Amino acid sequence: MVISEQGYVHWQGTFVERRFPWWPITRLGIRLAFKRKFFKFVFSISLLPAVMFSTGVYISERLDDFQFMLKGPDRLLEVNPVFFKSYFTSEPLLFLMVMIMVLAGAGLICDDLKYNSLQLYFSRPLRKRDYVLGKMATVFFFLLILTLVPGLLFVLLKLIFAGSFKFLANYPWIPVSVIAFSLLVTLFFAFYTLLVSSLSKNRRYVSILLFLIYIFSNVFFGIFYSIFHNPYFCLLSIQCDIQQVGAAFFRQSPQYDVPWIYSFLVLAAICCLSAFVLKRKIRGVEVVK
Amino acid sequence: MTAVIQTKNLSKWYGNVLGLSDVSLEVEQGVTGLLGPNGAGKSTFLKLITGQIKPSIGHVAIQGQDVWNNYPLFGRIGFCPEQDAFYDEMTGWEFMTSLLSLYSFSRADVQSRAEKALDFVELDKDKDRLIRGYSRGMRQRLKLAQAVAHDPEIIILDEPLNGLDPLSKRKVIRLIKDYKEAGKTVIVSSHVLPEIEALTRTIILLHQGKILARGDIHYIRDLIDKHPHMISVKCSDPRRLASSLVGEPSVLNIQFGPGPDTVVFETQDRDKFFGLIPRLIVDHRIDVEEITSPDDNLQAVFDYLVGK
């Protein structure tokens with residue numbers, strides 16, 4: 001046996017765990033998303049609804065100055081729960097969120113599967129839950145910029161432009177609803193994105209799937225609704241489910257005569273399915289030759 | 001010497017497929033070679049001891065601590081996988097820093113360690129290039145760099161010499177030997193016997209998920225010597241060469257073919273045979289194109305061991 005120059009030294013130190021072990025995963029996801037030129041464009045576009053609604057908040061406080069432009073529909077520019085519900089459940093915003101997911105979220109897990117990166121992650125001091133959390137946080141980063149940040153900004157702008165706290169006095173629950181609904185819709189999209197991303201090693205296929213599931217769930221609802229005239233078919237549509245829940249969160253009557261809790265349960269079921277699939281899919285690379 | 005890695009009745013099934021069966025062993029400090037043909041269970045064994053997959057039966061311990069779900073322990077292990085595991089759209093530098101940031105290093109430490117590791121594998125000049133543009137050898141060296149950048153105590157290398165040119169191979173072999181000198185534990189898997197031979201004399205032979213043999217590499221060599229060696233000579237006059245060797249007691253069998261200019265000798269004493277050949281070639285003025293040993297490889301050793 002060869003005698004080593006230096007005997008084996010047992011490691012005596014204490015391993016210091018990272019406070020947020022998921023953060024490097026999130027940072028990498030954000031960095032890789034911004035490397036894509038088309039993503040930057042879409043992300044900029046997705047901020048437009050927030051800019052428009054912010055302008056709306058300003059105009060609502062200066063209606064007299066803008067009467068010549070409005071000529072009647074000034075009621076639309078009233079900042080109230082309907083205003084918030086309109087923003088959070090608007091079809092363009094939801095569509096742009098899906099586009100963000102297609103561009104920034106599709107590769108989150110599928111690229112790791114494609115490039116066999118899981119074995120590199122899991123041979124390091126990183127728990128599977130930290131990995132999933134890191135991936136989810138990437139989705140949260142992008143979507144909260146489109147939901148929570150504008151939502152709270154609208155409230156803030158309303159208070160600044162109005163110069164009083166009357167708005168908060170009238171609707172004290174609005175900030176809570178903004179936070180709760182933003183987190184809910186972001187959590188759902190995070191689970192939805194990671195679920196689809198874990199199903200394939202091909203990012204293009206995942207991107208198409210993310211888009212098609214969202215669109216076709218809506219198309220199927222439209223087809224069945226037009227045939228059977230049963231509002232319960234709205235549960236098939238992801239977009240309608242989010243809109244139904246959104247209406248409830250902002251204390252508005254839902255668009256379809258279906259209890260909002262059903263839509264909530266559908267979204268929760270998709271999240272549970274995602275958690276189940278992720279648990280099975282995310283594991284050390286198994287070698288079968 | 002105390003065992004650094006211990007496995008007890010370690011077994012792993014992938015559904016109905018047996019990956020590893022009842023492996024109990026102790027790995028000590030220094031370099032240990034893990035040998036076996038493709039599909040022998042080498043990668044499974046390495047993934048089990050790095051805690052990436054859960055054993056179906058048995059357990060693995062590193063320095064007395066169970067590996068499965070013991071995340072802090074993973075900070076002491078460096079793992080270089082067999083397959084490529086890169087994001088092609090990242091640069092070598094981004095790849096290194098993103099992986100190092102998973103440890104508890106400060107930002108400055110991450111950068112200095114990444115720099116040192118890339119310098120170590122001579123990729124410092126190419127660090128800002130996209131991995132997509134790296135050659136196979138560069139990718140292999142980058143994989144090695146990520147395995148050692150955090151200065152682990154235990155280094156697990158799955159086929160680290162695959163795809164490397166001779167110069168890079170030499171450098172990696174030197175590097176592994178340096179780690180041995182530094183008192184670290186290195187496990188290197190390979191299906192190429194000379195690669196392991198260049199690294200260590202301590203080997204573990206795996207076959208069909210089971211340990212076939214363990215110990216000093218010369219044991220395997222001796223094992224070869226118990227069987228007739230096949231030596232194939234491709235030359236200008238194979239029949240003349242054969243006739244000059246037919247009376248040699250160490251030659252047990254002579255066969256012509258597969259080509260018209262090839263003769264295959266079976267000998268019990270390879271060293272003596274190789275001592276005779278140069279003189280005969282010169283005496284009979286035979287032009288020799290190639291001398292090979294078709295059974296001087298790991299597969300042949302395995303065949304002998306499993307009694308094929």
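Worth saying up front: this structure is predicted, and the values here are computed from it rather than measured. Here is how names work: the chains are called A, B, and so on, in the same order as the sequence lines, proteins then strands, and each is numbered from 1.
- Using a 4.0 Å cut-off between charged nitrogen and carboxylate oxygen, B:K184 and B:D178 do not count as a salt-bridge pair.
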Would you mind writing out the side-chain donor-acceptor pairs for residues 95-111 of chain A within the sub-3.5 Å range, not counting sequence neighbours?
{"residue": "A:D111", "atom": "OD1", "partner": "A:R203", "partner atom": "NE", "Å": "3.4"}
{"residue": "A:D111", "atom": "OD2", "partner": "A:R203", "partner atom": "NE", "Å": "3.2"}
{"residue": "A:D111", "atom": "OD2", "partner": "A:R203", "partner atom": "NH2", "Å": "2.8"}

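- For chain A, the nearby parts of B:D88 are the backbone and the side chain; heavy atoms of each come within less than 4.5 Å.
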Would you please test B:V188 and B:I176 for side-chain contact (heavy atoms from CB on, under 4.5 Å) and show each step?
CA-CA 9 Å; B:V188 187; B:I176 293 169; 4.2 Å; yes
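- When each of A:I179, A:L187, A:T186 is tested with A:L183 by the rule side-chain contact (heavy atoms from CB on, under 4.5 Å), just one qualifies, namely A:I179.
- Heavy-atom distances place both the backbone and the side chain of A:L126 under 4.5 Å from chain B.
- At a 4.5 Å heavy-atom cutoff, the contact between B:F95 and chain A is made by side-chain atoms alone.
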